[in-house]
Asks: 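Below: one structure in structure tokens.
Computed from a prediction, not measured in an experiment: that's the story for all the values here. Numbers restart at 1 for each chain; the letters A, B, ... are given by sequence-line order, proteins then strands. Heavy-atom basis, side chains included; hydrogens, waters and symmetry copies ignored.
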2 protein chains.
Amino acid sequence: MQTPGFRRPAVNAKLEHMFLGQYRHTLDEKGRLTIPARFREELSGGAYLTQGFDHNLRLLTESSFEAISGKLSQMKTTDPTTRDLRRLIFAAASQVDFDQAGRILIPQFLREVASLESDAVIVGVGETIEIWSPGAWEAQVMRLRDVESNSERFSELEL
Amino acid sequence: MQTPGFRRPAVNAKLEHMFLGQYRHTLDEKGRLTIPARFREELSGGAYLTQGFDHNLRLLTESSFEAISGKLSQMKTTDPTTRDLRRLIFAAASQVDFDQAGRILIPQFLREVASLESDAVIVGVGETIEIWSPGAWEAQVMRLRDVESNSERFSELEL
DNA sequence: ACACTTTTTGCCACTTTTACCCACAATTAC
DNA sequence: GTAATTGTGGGTAAAAGTGGCAAAAAGTGT
């Protein structure tokens with residue numbers, strides 16, 4: 001929050017990594033997907049692709065991935081849920097590189113996880129990026145449009 | 001948001017963070033919209049465009065947006081509601097820049113959200129700015145003119 | 001080990017989109 | 001009335017996204 005009466009200098013102390021917006025890109029037969037140019041710089045330090053929680057994929061910056069793996073390591077191995085979570089994240093994860101055109105290669109098994117075929121929706125979700133099949137994303141949007149449930153949830157945020 | 005009970009020093013003649021009035025501007029084929037000159041200075045530190053609650057768009061200052069995104073980031077990713085909420089806000093948001101003429105580019109998917117075509121109504125609503133399609137705004141105005149229902153609804157507010 | 005096929009990877013070129021700039025008209029201020 | 005500001009349109013150069021080609025790598029079978 002900003003100090004009252006204080007004006008932020010024009011030299012923008014820009015917001016740390018924030019992925020915003022949604023983009024529909026094609027996925028070629030080789031499984032290559034162009035990542036929106038606006039997202040690339042933030043990922044240039046290294047990018048990790050893993051299975052998401054909702055029939056989608058998550059593309060993480062190196063620091064985000066490290067933060068997650070750190071937390072997972074601290075959790076008790078004796079807890080079955082912990083072991084499942086580790087399998088979900090690590091077994092399905094892969095470090096990805098960009099080619100000159102800003103594309104990443106999505107491994108076959110990850111494409112299957114998210115039912116990706118010829119097109120994909122790339123969604124900025126703050127700290128991370130999600131990759132959806134158009135159909136699954138559409139279903140997700142429809143669910144979110146359910147105004148009734150939304151107003152309940154929104155109230156938590158006091159917007 | 002302002003600290004409760006804190007009064008801005010009198011040195012500042014005009015009120016800050018106060019967007020007032022309504023303007024009807026054109027939206028060209030490229031999706032560019034001129035923001036009223038009176039609103040620009042306040043947004044010069046960075047502006048964010050997001051989906052509104054009533055079939056419209058909201059244009060926020062950087063600090064307003066930071067307040068929202070800060071709350072979202074603190075929530076647990078493993079909670080499904082958190083993930084939904086983030087998608088609702090972040091996926092439907094976009095950081096926007098001004099060109100030399102004081103225009104912003106409204107991404108295609110956000111134009112669709114608010115049914116924006118060749119014209120838009122830009123409304124100052126105190127802390128934030130709303131962008132409406134002329135039709136939706138007209139309907140909104142009609143509803144507010146319904147004095148009967150208003151007197152009921154607002155009577156509880158002790159203004 | 002060698003030739004041959006298949007897959008992967010990097011590169012280039014085309015098309016579309018976006019950003020940037022300038023000019024004009026209309027409005028507002030002086 | 002004149003000058004400055006504001007809103008609008010368009011043109012141009014740069015960047016982004018896409019598809020395809022070719023070199024490199026990895027497998028495959030004899």
Asks: Taking only side-chain N and O atoms of Q100(A), does any of them lie within less than 4.0 angstrom of OP1 or OP2 on dC11(C)?
Replies: yes
Asks: Taking the nucleotide of DNA chain C with the closest heavy atom to each, which residue, L105(A) or D99(B), is nearer the 5' end?
Replies: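 Looking at the nearest nucleotide for each, L105(A) comes out on the 5' side.
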Asks: Using a heavy-atom cut-off of under 4.0 Å over every strand shown, decide if L33(A) touches base, sugar-phosphate, or nothing.
Replies: nothing
Asks: Figure out the NE2/C1' separation between H25(B) and dA26(C), and round it to whole Å.
Replies: 12 Å
Asks: Would you say T26(A) reaches dG17(D)'s phosphate, i.e. side-chain N/O to OP1/OP2 under 4.0 Å?
Replies: no
Asks: Going by modelled atom types, is there a donor-acceptor pair between the base of dG10(D) and the side chain of R32(B) at under 3.5 Å?
Replies: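 Such a pair is found, so the answer is yes.
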Asks: Among the clusters formed by ILVMFWY side chains lying less than 4.5 Å apart, do L60(A) and V125(A) turn up in the same one?
Replies: no
Asks: Which of these passes side chain to side chain contact (heavy atoms under 4.5 Å, CB included) with L59(A): T128(A), T50(A), I122(A), L43(A)?
Replies: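 Single pass found, and it is L43(A).
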Asks: Tell whether K30(A) reaches the base of dT7(C) with its side chain through a donor-acceptor pair below 3.5 angstrom.
Replies: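 No, the side chain and the base share no sub-3.5 Å donor-acceptor pair.
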Asks: Could you tell me the separation between the CG atom of D28(B) and the P atom of dT6(D), rounded to a whole number of Å?
Replies: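 To the nearest whole Å, that distance equals 19 Å.
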Asks: For I106(A) and dT9(C), give me the distance from atom CD1 to atom C1', rounded to whole Å.
Replies: 16 Å
Asks: What pair of heavy atoms forms the shortest contact from R40(B) to T34(B), and how long is it?
Replies: NH2-CG2, 3.6 Å
Asks: Without decimals, in angstroms, what is the distance between F39(A) CZ and dA16(D) P?
Replies: 13 Å
Asks: Atom CZ of F98(B) to atom P of dA19(C): distance rounded to whole Å?
Replies: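 My rounded result for the distance is 14 Å.
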Asks: Mind checking I35(A) for me? I need base, sugar-phosphate or nothing, with any heavy atom below 4.0 Å counting as a touch.
Replies: sugar-phosphate
Asks: Between C1' on dT8(C) and CZ on R111(A), what's the gap in Å once rounded to a whole number?
Replies: 12 Å
Asks: How many whole angstroms separate atom CG of L27(B) from atom C1' of dG9(D)?
Replies: 13 Å
Asks: Quickly work out the Y23(B) OH to dG7(D) P distance and round it to whole Å.
Replies: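 One finds 8 Å between P of dG7(D) and OH of Y23(B), rounded.
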Asks: Using a strict cut-off of less than 4.0 Å between a Lys/Arg side-chain nitrogen and an Asp/Glu carboxylate oxygen, indicate whether D54(A) and R87(B) qualify as a salt bridge.
Replies: yes
Asks: Out of W137(A), W132(A), F39(A), which residue meets the ring-ring contact (aromatic ring centres under 6.0 Å, His included) rule with Y23(A)?
Replies: F39(A)
Asks: Does R38(B) or R103(A) map to a spot on DNA chain C nearer the 5' end, using the closest nucleotide for each?
Replies: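 Looking at the nearest nucleotide for each, R103(A) comes out on the 5' side.
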